[in-house]
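Lettering of chains follows the sequences in order, A, B, ..., and the numbering in each one begins at 1.
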Amino acid sequence: MLNKKVISAVLGIMCFALTLGICVQIRTVKGTNTTVSNNYEENNLRAEVLRYKERYDNKYKELEKAEKELEKERQNSTKDNSALEEKEAEITVGNKMIGLTDVTGAGVIVTLSDSKKDSSSVLNPSTLLVHDVDILSVVNELKNAGAEAISINDQRIVPTTGISCGGNIIDINGEKVGAPFVIKEIGLPEQLAGLSRQGGYLELLRGYSVEAELKKSNNITIPKYTGVITYKYAQESN
Amino acid sequence: MIFIAILIGCILGALIGMNAPMISYTYSSYLAIAIIAALDSVFGGITSVIKKNFDLKIFVTGFFGNAILAILLTILGQKLNVDIYLAAIVVFVGRMFVNLAIIRRYYVDKWLEVFEKRKGKVKEQNQESIEEK
């Protein structure tokens, strides 16, 4: 009897370990969102990229932690000094403006995705795609309409952001961003919604059967810029 | 009792696995090879039960030992820039197929036996009924 109990306990533990491992593995593979290619070399390259990305993410987390510590230290040291406190508040406002903090608020979400039409059905298949110029125009119009913070697929638009064509993807902040493009912006929603007006840019895109959608929302969170803004040449003029 | 324990273990493992934190991609290849090794041990265990030479000690040490050994070999292979894990996969999956074939043969034979017995019974009944007439 004891022997049977021991056997069943051991088998239970082993099944536990096996299913646990399988579940974790499946979730990890799903999480990394890899499409398994038949090419051995390609798989290796992708694994390497993922590994580097992970290392980058880890380092970035460390950086974030250090920044939080710095903030704490700064708050501690400026506690009893009103002049310093003022400067501190200035820094916070400045960070918000140049996009170094997460922000939330009301605004609109614009989604642009490539047309589902068959590319052989039109004269120029290029018109069915969302191009960097389209993104640029939309961002420009939104800025004109008073958007305070903009992100494209979670890439925050900051003063140093460039939007350029990179083949079948678009380079934003030096990161590769692919369709569909979810452009989130914070501002007065009614004003920003003017983007979809008659004769506006979104209508023009829809004319090319590109899918362009605009949605108002009261609760949009825009992530902060994940890179580092450096000013090497610009100096303050007195 | 054994089946209940296995079932509980599987359900618990699935539940915790669904909620456990994801491991980093660097280590997922090690986990994959460990899973393959463990699965191989399980099929080997079933085969040995069929062959009636099942030994719990050997089964358990094979289960964990093979998994750990496979992980270590994979790490060694990465250090030496040789894809040792490929060899491990070939060996383990090959053995899995062999064991599965043994299991399949056993059950096919068993079912055939049962089927034929039933057939024989039906025939006997038929003959009996004919004789009664």
Side-chain angles (χ1 to χ4, degrees), chain A residues 1-65 154 175-176 178 226, chain B residues 1-46 49 54-68 70-71 78 81 83 85-86 89:
Chain A
M1 194 60 213
L2 186 92
N3 198 22
K4 213 172 186 186
K5 257 185 196 169
V6 170
I7 289 175
S8 51
V10 167
L11 287 181
I13 290 168
M14 278 165 51
C15 281
F16 170 75
L18 191 55
T19 42
L20 183 83
I22 291 173
C23 282
V24 169
Q25 177 72 2
I26 289 172
R27 279 189 54 220
T28 307
V29 172
K30 239 189 215 168
T32 44
N33 195 17
T34 54
T35 45
V36 176
S37 151
N38 287 328
N39 194 331
Y40 180 67
E41 198 78 349
E42 255 173 49
N43 277 337
N44 269 354
L45 282 176
R46 199 185 42 232
E48 193 127 314
V49 168
L50 280 170
R51 235 169 264 144
Y52 271 106
K53 194 163 175 277
E54 202 174 81
R55 225 175 282 167
Y56 173 81
D57 285 346
N58 283 345
K59 283 274 175 254
Y60 191 74
K61 252 178 218 161
E62 268 173 39
L63 177 71
E64 255 180 357
K65 217 191 234 171
D154 287 345
E175 299 256 350
K176 287 162 179 48
T226 53
Chain B
M1 178 137 175
I2 289 173
F3 278 106
I4 292 170
I6 288 173
L7 210 67
I8 289 173
C10 285
I11 292 169
L12 260 181
L15 278 180
I16 294 179
M18 290 293 173
N19 300 314
M22 267 194 270
I23 55 160
S24 68
Y25 190 79
T26 322
Y27 301 119
S28 74
S29 58
Y30 303 142
L31 185 58
I33 205 81
I35 287 171
I36 298 289
L39 269 178
D40 169 57
S41 300
V42 167
F43 285 122
I46 295 171
V49 167
F54 180 75
D55 188 345
L56 187 68
K57 271 173 256 156
I58 289 175
F59 181 48
V60 172
T61 48
F63 185 87
F64 292 106
N66 272 355
I68 291 165
I71 291 176
Q78 279 182 350
N81 198 15
D83 294 324
Y85 72 92
L86 282 178
I89 285 174

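No side-chain heavy atom of A/Thr28 sits less than 4.5 Å from a side-chain heavy atom of B/Tyr27.
For B/Leu15, no part lies under 4.5 angstrom from a heavy atom of chain A. Heavy atoms closer than 4.5 Å to chain A are found nowhere in B/Ile36, neither backbone nor side chain. For B/Ile6, the parts lying under 4.5 angstrom from a heavy atom of chain A are both the backbone and the side chain.
Taking each heavy atom of B/Ile35 and A/Leu18 in turn, the nearest pair found is O-CD1, 4.2 Å.
Between B/Leu31 atom CG and A/Leu20 atom CG the span is 8.5 Å, to the nearest 0.5 Å. Summarising the geometry, atom CD1 belonging to B/Ile11 is positioned 9.5 Å from atom OG1 belonging to A/Thr19; distances are rounded to the nearest 0.5 Å. With rounding to the nearest 0.5 angstrom, the CZ atom of B/Phe64 is 7.5 Å from the CD1 atom of A/Ile13. Between the OG atom in B/Ser28 and the CZ atom in A/Arg27 there is a gap of 13.5 Å [rounded to 0.5 Å]. Atoms CG and SG, from B/Leu12 and A/Cys15 in turn, are 11.0 Å apart once rounded to the nearest 0.5 Å.
Contacts with chain A were tallied for B/Ala34, B/Gly17, B/Ala14, B/Ala32; B/Gly17 has the most, counting heavy-atom pairs under 4.5 Å. Note: B/Gly13 leads B/Gly13, B/Ala38, B/Ala5, B/Cys10 in heavy-atom pairs under 4.5 Å with chain A. Note: A/Val24 leads A/Asp57, A/Val24, A/Ile26 in heavy-atom pairs under 4.5 Å with chain B.
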